[in-house]
Amino acid sequence: MDMAWQMMQLLLLALVTAAGSAQPRSVQARTDLLNVCMNAKYHKTQPSPEDELYGQKKNACCMTNTSQELHKDTSRLYNFNWDHCGKMEPACKRHFIQDTGLYECSPNLGPWIWQVNQSWRKERILNVPLCKEDCERWWEDCRTSYTCKSNWHKGWNWTSGINECLAWALCHTFEPYFPTPAALCEGLWSHSFKMWFDSAQGNPNEEVAKFYAAAMNAGAPSHGTGAVDIGS
């Protein structure tokens with residue numbers, strides 16, 4: 001992709017502000033947007049090396065044991081059960097593990113961290129752009145798995161201690177709840193992610209994040225652009 005065109009697109013997209021109750025980090029808190037951990041349940045206060053952590057060992061916002069918990073069917077981190085409508089296909093589950101690993105461990109999400117007032121966290125990510133190709137692969141790999149909800153952030157029955165479907169919420173394959181790849185990537189976690197970038201045109205990744213971080217520190221609106229590749 002031509003860098004001048006890429007930068008122009010980022011400047012235009014940076015003018016769009018996110019809606020909702022979340023608020024962006026203050027200017028004072030944006031001093032290092034590409035080396036920061038959000039204020040959430042299991043995040044470190046600042047990134048540091050984790051020698052046994054795959055993919056982020058040089059600099060991570062999660063401890064190694066946090067990453068290990070993410071790979072379990074029902075993790076002690078949030079008591080969240082991927083298999084709430086029967087056994088999730090391994091190819092599908094792999095995407096959820098990668099997605100959660102990005103949320104818990106990446107130190108490069110600063111441009112998309114927003115303040116919230118929730119009992120279990122004070123910050124969240126909003127509209128982190130994911131590669132279109134990754135969203136499409138995630139959707140394809142999960143089409144034959146089952147769920148009962150289109151937004152997994154809320155609306156569960158937690159009386160047993162783990163997430164269970166409400167009595168009236170029927171289990172279906174993913175497609176009725178997520179009819180498109182964008183519906184899955186964007187709706188699953190209350191717009192934590194946004195399908196935006198086509199990696200077939202080349203992936204700017206960290207360069208885009210750096211550019212946007214610089215724009216934010218210069219006073220641009222606090223709403224991130226530029227795609228993150230969560231891997232395959």
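Here the structure is a predicted model, which means the values were calculated and not measured.
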Would you kindly say whether the two SG atoms, from C61 and from C105, are closer than 2.5 Å?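 Disulfide absent: SG-SG distance not under 2.5 Å.
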
In terms of SG positions, are C171 and C165 separated by less than 2.5 Å?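 No, because the SG atoms of C171 and C165 are not under 2.5 Å apart, which misses the disulfide cut-off.
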
Ignoring hydrogens and angles, tell me if any N or O in the side chain of [X] forms a donor-acceptor pair with the backbone of [Y] under 3.5 Å.
X    : Y   : answer
T100 : L70 : no
H71  : S67 : yes
K93  : I97 : no

Without hydrogens or angle criteria, can the side chains of [X] and [Y] be said to hold a donor-acceptor pair below 3.5 Å?
X    : Y    : answer
R143 : T173 : no
W189 : D99  : yes
T147 : H84  : yes

Does some side-chain heavy atom of [Y] sit less than 4.5 Å from a side-chain heavy atom of [X]?
X    : Y    : answer
K149 : Y177 : no
E136 : P181 : yes
H95  : R137 : yes
F193 : E186 : no
W112 : P129 : yes
V128 : K194 : no
N39  : R121 : no
L102 : L130 : yes

Among T66, T64, N59, which one satisfies side chain to side chain donor-acceptor pair (under 3.5 Å) with E50?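 That would be T64.
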
Criterion side-chain contact (heavy atoms from CB on, under 4.5 Å) on W158 and N163, from CA distance to verdict: CA-CA 5 Å; W158 289 96; N163 59 303; 3.6 Å; yes

For the pair C62 and K44, evaluate side-chain contact (heavy atoms from CB on, under 4.5 Å) and give the outcome as yes or no after the intermediate values. CA-CA 6 Å; C62 65; K44 299 176 185 176; 5.8 Å; no

Check for me whether K132 meets the cation-pi criterion with W196, that is, NZ or CZ under 6.0 Å from the six-membered ring centre and within 45 degrees of the ring axis.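 Not flagged: K132 not positioned over aromatic ring of W196.
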
Check whether more than 12 heavy atoms from other residues, nucleotides or ligands sit under 6.0 Å from atom CD of Q46, and answer yes or no.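 No - once you tally the heavy atoms of other residues, nucleotides and ligands closer than 6.0 Å, there are 12 at most.
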
Heavy atoms of other groups near Y146 OH, more than 12 under 6.0 Å: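 No, OH of Y146 has 12 or fewer neighbouring heavy atoms, counting only those of other groups under 6.0 Å.
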
[atom1]-[atom2] distance between [X] and [Y], expressed to the nearest 0.5 angstrom:
X    : Y    : atom1 : atom2 : value
Q115 : E123 : CD    : CD    : 6.0 Å
I125 : I113 : CD1   : CD1   : 8.0 Å
F174 : S145 : CZ    : OG    : 5.5 Å

Step by step, work out the side-chain contact (heavy atoms from CB on, under 4.5 Å) result for W139 and E175. CA-CA 8 Å; W139 186 74; E175 197 162 358; 3.9 Å; yes

Of Y103, F80, W152, which meets ring pair (Phe, Tyr, Trp, His ring centres under 6.0 Å) against F96?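 Of Y103, F80, W152, ring pair (Phe, Tyr, Trp, His ring centres under 6.0 Å) with F96 is met by W152 alone.
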
Strictly below 4.0 Å, N to O, side chains only: are E69 and K72 in salt-bridge contact?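 K72 and E69: salt-bridged.
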
For the pair L188 and N151, evaluate side-chain contact (heavy atoms from CB on, under 4.5 Å) and give the outcome as yes or no after the intermediate values. CA-CA 5 Å; L188 181 71; N151 185 337; over 6 Å; no

